[in-house]
Amino acid sequence: MGGQICKAVCRRQSEQGDALDAQSGKSWPDKQVEDFLGIESSCRDRTYVSFMMWMTFMGYRLPKAEDRKIPFQAIPSPIVKGLQLLEPSDSEQSLSAVRNALSGSKKVIVGSVRMGYGHHRIAYSALTWALELGGEPYLLDILAPDCVEAEVVRHMDQMYSKFSRIASNLGGMIDTIWGKMMLQGDVNALRCCLSLSQHIRGIMNGLPKDVPVISSHPIVGNMAVACGFKTVINLVFDNFPQYFVLVPGAINLVQSPSYFDKLLDMSCPAANLRFAGHWVSSELCQKAIEDSKARMARCMNRELPRRFLIAVGGAGAQKAFLEDLLKGLAENLRKKSMRIYLNCGDHKHIGTAVEAQLKKLGLDWREINTSEQTEEMCRKEALQDISEPKDWKAVTLCRFDSHFAAFRCTDLVIRIADVLVTKPSELAFFPVPKLHIRRVGAHEAHSAVRAQEIGDGSVECREVPHAIRKLGQLSEPNSPLFMLMNESIMKAAATHTYDGSRVACEYAFGLRS
């Protein structure tokens, strides 16, 4: 009787009709974990995963994944020349056209998911290097199709963003609990991620399996493996090792040697693991030394204000912190002793709150709303000019309707900024002096540690007074801290620390093995 109860509670997926499960007589997630890590699942593990999947899919009616093929069409990007976007289509015939377009050499699918900005930013770094190496990248956002599979993931992201904002704004015990929850990516979290990917793999099922896939999120990488793609490269995010970020059956690339070492201790097989470097777009990577020299030249000119780019995270969870920070910087902004570019992204509530605070403080600003305006600003305010434009304003407010334009703005404006002010997200790995402000989730703290190891980023300033003191240190004439960060960037760039996305594309194109 006990065995029958256990069998009913576990609801082993191998008995529920998915072809992936039937291949081994075990659920596909269990088999993937056993083969990859050598860790077998217990009845308790299977019960937990089944319950979590029941919670995830509750209220949704999913079609049979192995028979599902979401149609896409390839459309040239209106923003990035040479990039093709895989957009949803109403026609089954469009899949044939996509398969034909993806035939030939140096084609790569860069798979992402619109969860915050980090994963799209990682994907953007890979596609820029694919273009740089003469390839033809196709960007796939698994949330683009209007289908139940995408809706499941979209709902998960909405819940994550909501609780991130609540935790960040309330702080205290709530923030501590949320932070600890972000450290719970254990083996069962990996099984859950695999099970989710197995059920929603129909999004990628119609694409040709001989095209390499570069994944910026493990859900996408696991979907590709489940679909049978021959080459899958997973760009592991963050710097805190957790099982759920891995993709069994893929080449898992990491950004730091310490991450590589820790994953080996967690039984990740060395054959599936490589240290690549940081996920940074091609132009930022190639211009890192040149831009650092220009920043140092600006620092030695006492007449120039220090330029700070403040980037709001994709969850939009920093409203209260930003309001207090602007209040603390108001006098310096009025005196024009510093400049800030404030990218609110596509978060309307953040943009509205910042605008209200600027009005309350009596600060004037100019506004950027499109990618074209961002590009024009960057052309006119290059670091190498060692000057400020005529009639410049202390505050530039950037806010967008487009998600792509929102996160790309930060990548572009970094090249005209002296210092990036950011939570220790994927931006912590970028070649620019960084002031790290309050994290959203305890896992992000380890990314700030990586920047400190290299020397291109500050300690994490979790409170506004600490952040303002650090801004003061970085704003000093001939600031020792600012100069040190730039020197550290040049040393790191010379050893290809920021070339991780180039390495990923070389694996995709068969230039590495």
Side-chain angles (χ1 to χ4, degrees), residues 5-18 20-21 24 26-37 39-66 68 113 115-116 119 142-143 147-164 166-167 177-203 215 217-226 234 237-238 240-249 266 315 441-443:
I5 293 174
C6 181
K7 185 176 179 180
V9 172
C10 288
R11 296 179 66 244
R12 294 185 66 104
Q13 293 169 318
S14 58
E15 299 168 10
Q16 294 177 30
D18 193 306
L20 283 178
D21 302 326
S24 64
K26 295 183 177 181
S27 75
W28 183 73
D30 284 351
K31 185 69 166 58
Q32 287 292 96
V33 170
E34 286 181 29
D35 290 349
F36 189 66
L37 300 173
I39 302 174
E40 293 188 10
S41 63
S42 65
C43 180
R44 181 178 179 179
D45 294 329
R46 293 191 294 273
T47 302
Y48 173 81
V49 173
S50 292
F51 175 74
M52 293 304 294
M53 289 300 97
W54 175 76
M55 290 285 290
T56 300
F57 297 119
M58 184 170 57
Y60 296 100
R61 187 176 182 84
L62 287 177
K64 196 171 184 179
E66 60 201 85
R68 179 81 153 159
V113 55
M115 285 183 168
H119 301 291
I142 64 169
L143 295 190
C147 61
V148 64
E149 293 93 339
E151 185 56 35
V152 170
V153 182
R154 191 175 294 111
H155 179 70
M156 291 170 56
D157 177 52
Q158 288 169 351
M159 291 298 101
Y160 170 79
S161 296
K162 178 180 179 180
F163 286 111
S164 291
I166 292 172
I177 294 171
W178 180 248
K180 289 184 177 179
M181 287 177 64
M182 296 299 100
L183 304 178
Q184 304 304 310
D186 59 8
V187 177
N188 277 337
L190 173 57
R191 292 188 180 103
C192 288
C193 186
L194 285 161
S195 184
L196 171 65
S197 299
Q198 176 185 10
H199 282 87
I200 66 172
R201 70 185 188 273
I203 294 174
S215 162
H217 194 286
I219 291 176
V220 182
N222 286 315
M223 287 168 62
V225 172
N234 178 41
F237 57 88
D238 286 343
F240 179 74
Q242 302 188 79
Y243 284 106
F244 91 97
V245 302
L246 298 171
V247 175
M266 291 164 59
H443 61 296

Smallest separation among heavy atoms of Met266 and Pro241, with atom names: SD-CB, 3.6 Å
Ring-plane angle category for His199 and Phe57, please: parallel below 30°, perpendicular beyond 60°, tilted otherwise. tilted
Do Asp45 and Ser42 touch side chain to side chain, with heavy atoms closer than 4.5 Å? yes
For Val152 and Leu196: C-alpha separation, side-chain torsions, deciding distance, then whether side-chain contact (heavy atoms from CB on, under 4.5 Å) applies. CA-CA 9 Å; Val152 170; Leu196 171 65; 4.1 Å; yes
Within a strict 4.5 Å, meaning less than it, do heavy atoms of the Pro63 and Val148 side chains meet? yes
Taking every heavy atom of Ala150 against every heavy atom of Ile142, the minimum-distance pair comes out as CB-O, 3.5 Å
Could you name each residue pair satisfying salt bridge (Lys or Arg N to Asp or Glu O under 4.0 Å) that touches residues 49-58, not counting sequence neighbours? none
State, to 0.1 Å, how close Met53 and Ser195 come at their nearest heavy-atom pair, and which atoms those are. CG-OG, 3.3 Å
Is it the case that more than 12 heavy atoms not belonging to Met58 sit under 6.0 Å from its CE atom? yes
Just wondering, do Trp28 and Val225 contact through their side chains at under 4.5 Å, heavy atoms? yes
Heavy atoms of Tyr243 and Asp186 approach each other most closely as CB-O, 3.5 Å
For Ile39 versus Val33, what's the shortest heavy-atom pair and its separation? O-CG1, 3.6 Å
Using modelled atom types and a 3.5 Å cut-off, is there a donor and acceptor pairing between side-chain atoms of Asp30 and backbone atoms of Lys26? no
Is the shortest heavy-atom distance from the side chain of Leu190 to the side chain of Pro248 under 4.5 Å? yes
Contacts of type ring-ring contact (aromatic ring centres under 6.0 Å, His included), residue Phe36, not counting sequence neighbours: none
Check step by step if side-chain contact (heavy atoms from CB on, under 4.5 Å) holds for Ile200 and Ile219. CA-CA 9 Å; Ile200 66 172; Ile219 291 176; 4.0 Å; yes
Please assess Gln198 against Leu20 for the test side-chain contact (heavy atoms from CB on, under 4.5 Å), listing each intermediate value before the final yes or no. CA-CA 8 Å; Gln198 176 185 10; Leu20 283 178; 4.0 Å; yes
Any residue meeting salt bridge (Lys or Arg N to Asp or Glu O under 4.0 Å) with Arg201, in chain and number order, not counting sequence neighbours: Asp18
Residue pair Asp21 / Ser27, side-chain donor-acceptor N/O under 3.5 Å: no
Would you call Lys31 and Glu34 a salt bridge, taking side-chain N to carboxylate O under 4.0 Å as the test? no
State the NE2-CE distance between His217 and Met223, to the nearest 0.5 angstrom. 11.5 Å
Taking every heavy atom of Leu246 against every heavy atom of Asn222, the minimum-distance pair comes out as O-ND2, 4.0 Å
Check whether any side-chain heavy atom of Leu62 lies under 4.5 Å from a side-chain heavy atom of Glu149, and answer yes or no. yes
Heavy-atom donor-acceptor pair, Ser215 side chain to Gly221 backbone, under 3.5 Å: yes
